[in-house]
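This report concerns only the one structure given below.
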Amino acid sequence: MMGNRRIGAIARGVLLLAAILLLPLAATLQTPRESAAQSAGQDSLWAGSNSGIGACADPSSSAALASCFATPAGLQGIKINAAATDGVNVYFAGMAGGLSCPVADLGANCTLIMAGPWGPGKGNEVLSLAAANGQIWIGQGNGELYRCPANLPYDGPQPFAPSQCVLLDDAGDRPVDSLLLANGTLYAGLGFYG
């Protein structure tokens, strides 16, 4: 009987801790956004859209969330489809390359980088992005998955990936809708063309 009470108390404590940790995240996820959003560390939230990059320095504050996307950084001609962070930089990828933005500057000093799309034909748009250890992984609508240096300088639109990028896999007609890095493993979520 005493063991059951102790297990119940531990379970209630774990649920309370989970609620404390997840409520700020739930508020963050309810922030309006047109496209991909990415949390950069514990103290900033980033979002990219067709009209700009928003950076919020304090996503745990409701007041900050209400105004943090009001003054977006410029896109330099990039239509953003995907975002990822390695904790040092936030990377954005879209139809005409990508951007690298230092987390510490909250979007003030973004630079153009090579971040896809590549390959011939319809459906080569970038759909997903992951970043770690100076590398980015780029998932495209045509099923191709690339790994590139994270800050590869942009030198204009190219039909094929630069030589520094590696085509890791090709899922055929299944778009790479999402990418996630966890515990040294890259996970890819594949979709279907209808």
Side-chain angles (χ1 to χ4, degrees), residues 21-22 25-26 28-29 31 33-49 53-55 59 78-104 107 110-155 157-194:
L21 294 174
L22 293 178
L25 177 61
T28 297
L29 293 176
T31 303
R33 56 193 183 273
E34 295 175 42
S35 183
Q38 178 68 46
S39 174
Q42 296 180 338
D43 57 357
S44 60
L45 174 74
W46 294 70
S49 69
I53 297 168
I78 305 296
K79 176 185 172 187
I80 293 172
N81 292 340
T85 184
D86 58 8
V88 177
N89 295 303
V90 176
Y91 304 97
F92 297 95
M95 289 306 296
L99 295 170
S100 173
C101 306
V103 171
C110 298
T111 58
L112 284 168
I113 60 171
M114 293 299 294
W118 298 302
K122 184 179 176 183
N124 67 347
E125 69 277 2
V126 176
L127 298 180
S128 54
L129 201 62
N133 303 321
Q135 303 286 312
I136 57 173
W137 289 261
I138 301 164
Q140 297 192 160
N142 60 4
E144 294 179 346
L145 174 62
Y146 291 91
R147 184 189 69 229
C148 301
N151 286 303
L152 193 60
Y154 182 83
D155 60 2
Q158 296 183 10
F160 297 99
S163 60
Q164 299 94 323
C165 296
V166 177
L167 176 61
L168 296 177
D169 207 344
D170 186 345
D173 62 351
R174 300 186 66 186
V176 185
D177 286 339
S178 60
L179 290 172
L180 175 67
L181 276 168
N183 299 321
T185 302
L186 179 68
Y187 297 89
L190 302 179
F192 291 96
Y193 279 127

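These numbers come from the heavy atoms of this one structure, side chains and all, not from hydrogens, waters or symmetry mates.
A search for side chain to side chain contact (heavy atoms under 4.5 Å, CB included) contacts involving A104 returns nothing, not counting sequence neighbours. Contacts of Y146 classified as ring-ring contact (aromatic ring centres under 6.0 Å, His included), with partners at least two apart in sequence or in another chain: W118. Shown here are the side-chain hydrogen bond (donor to acceptor under 3.5 Å, both in side chains) partners of S100, two or more places apart in sequence or in another chain: N151. Scanning for side chain to side chain contact (heavy atoms under 4.5 Å, CB included) contacts around N133 gives an empty result, with sequence neighbours left out. Applying the side chain to side chain contact (heavy atoms under 4.5 Å, CB included) rule to A115 yields the partners A93, I113, I136, I138; only residues at least two apart in sequence or on another chain are considered. Judged as a side chain to side chain contact (heavy atoms under 4.5 Å, CB included), and not counting sequence neighbours, the contacts of L186 are A130, W137, L145, L179, L181.
The heavy-atom pair separating S128 from S178 by the smallest distance is CB-CA, 3.5 Å. Residue A82 comes nearest to V126 through the heavy atom pair CB-CG1, 4.2 Å, listed as atom of the first residue, atom of the second, then distance. Considering every non-hydrogen atom in both L152 and C165, the closest pair reads CD2-SG, 3.9 Å. Taking both residues in full, the closest heavy atoms of P117 and E125 are given as CB-CA, 4.0 Å, listed atom of the first, atom of the second, then distance. When all heavy atoms of G116 and Q140 are compared, the pair lying nearest together is CA-OE1, 4.1 Å. Pairing each heavy atom of C101 with each of F92, the nearest pair is SG-CE1, 3.9 Å.
With rounding to the nearest 0.5 Å, the separation of CG in N142 from CZ in R174 is 14.0 Å. Atom CG in D169 sits 12.5 Å away from atom CZ in R147 (nearest 0.5 Å).
Looking only at side-chain heavy atoms (C-beta outward), N124 and E144 stay at 4.5 Å or farther from each other. Looking only at side-chain heavy atoms (C-beta outward), L190 and V176 come within less than 4.5 Å of each other.
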### Task
Check step by step if side chain to side chain contact (heavy atoms under 4.5 Å, CB included) holds for T111 and Y154.
CA-CA 9 Å; T111 58; Y154 182 83; over 6 Å; no
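With D86 contributing its side chain and V88 its backbone, the two residues share a donor-acceptor pair below 3.5 Å.
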